[in-house]
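Written below as structure tokens is the structure these notes are about.
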Amino acid sequence: MNTEEKTILHIDDDADDRELLRDVMQKIAPDLKVTFAENGLQALEVLNDTKETNPLPCLIVLDLNMPFLNGRQTYERIKADPRLKNIPLVILSSGENPSDKFLFSKEGIEYFTKPVEFSVMEDIVSHMANLCA
């Protein structure tokens, strides 16, 4: 892997949402690679398996409603790990839970609700790409 290549880790159990983010990211920022995990446990395995030759992702995009380890639990484990805690993270979820929004807002984490319109998704993905710049 090229050390200059930047990667975004998208953690989401919905295959359609993963594909949409990948497609929009490819259009907006083709130089960014998107890797996936289907749940929090798989994401932590991916992050823990990352070696020095494969840098950590420049951004983690996290869904909240997932099996095995939900988004809140995944977030807590990422932030508890000294090696991972400084990776920028954004929430992209269909959930509208006010307590989730409050928690992540208090933590300084951006929270996006999964959009229905493609143009809105382009704006969100463009913002995400800028976080990796």
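Given the structure is predicted, the values throughout are model-derived calculations rather than measurements.
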Close side-chain approach of Leu131 and Glu110, heavy atoms under 4.5 Å:
yes

Would you call the rings of Tyr75 and Phe104 parallel, tilted or perpendicular, taking 30° and 60° as the class edges?
perpendicular

Sort and list the pairs that fulfil salt bridge (Lys or Arg N to Asp or Glu O under 4.0 Å) and have at least one residue in residues 54-71, not counting sequence neighbours.
Asp63-Lys114

State, to 0.1 Å, how close Arg18 and Asp12 come at their nearest heavy-atom pair, and which atoms those are.
NH1-O, 2.8 Å

Shortest non-hydrogen pair, Ala43 vs Ile11, comes out as CB-CD1, 3.4 Å

Nearest 0.5 Å, what's the CD1-CG distance between Ile60 and Leu84?
6.5 Å

Side-chain contact, heavy-atom cut-off 4.5 Å: Thr7 with Cys58?
no

Within this structure, what is the OG-CG distance for the pair Ser94 and Asn65, rounded to the nearest 0.5 Å?
5.0 Å

Stepwise side chain to side chain contact (heavy atoms under 4.5 Å, CB included) check, Leu62 with Leu89:
CA-CA 7 Å; Leu62 179 62; Leu89 188 140; 4.2 Å; yes

Name all pairs fulfilling the salt bridge (Lys or Arg N to Asp or Glu O under 4.0 Å) condition that reach into residues 69-79, sequence neighbours left out, sorted by first residue then second.
Arg72-Asp100

Phe36 side chain reached by Val34 side chain, heavy atoms, under 4.5 Å
yes

Identify the heavy atoms of Asp17 and His10 that sit nearest to each other, and give their distance.
O-CE1, 3.7 Å

Using salt bridge (Lys or Arg N to Asp or Glu O under 4.0 Å) as the criterion, list what pairs up with Arg22, not counting sequence neighbours.
none

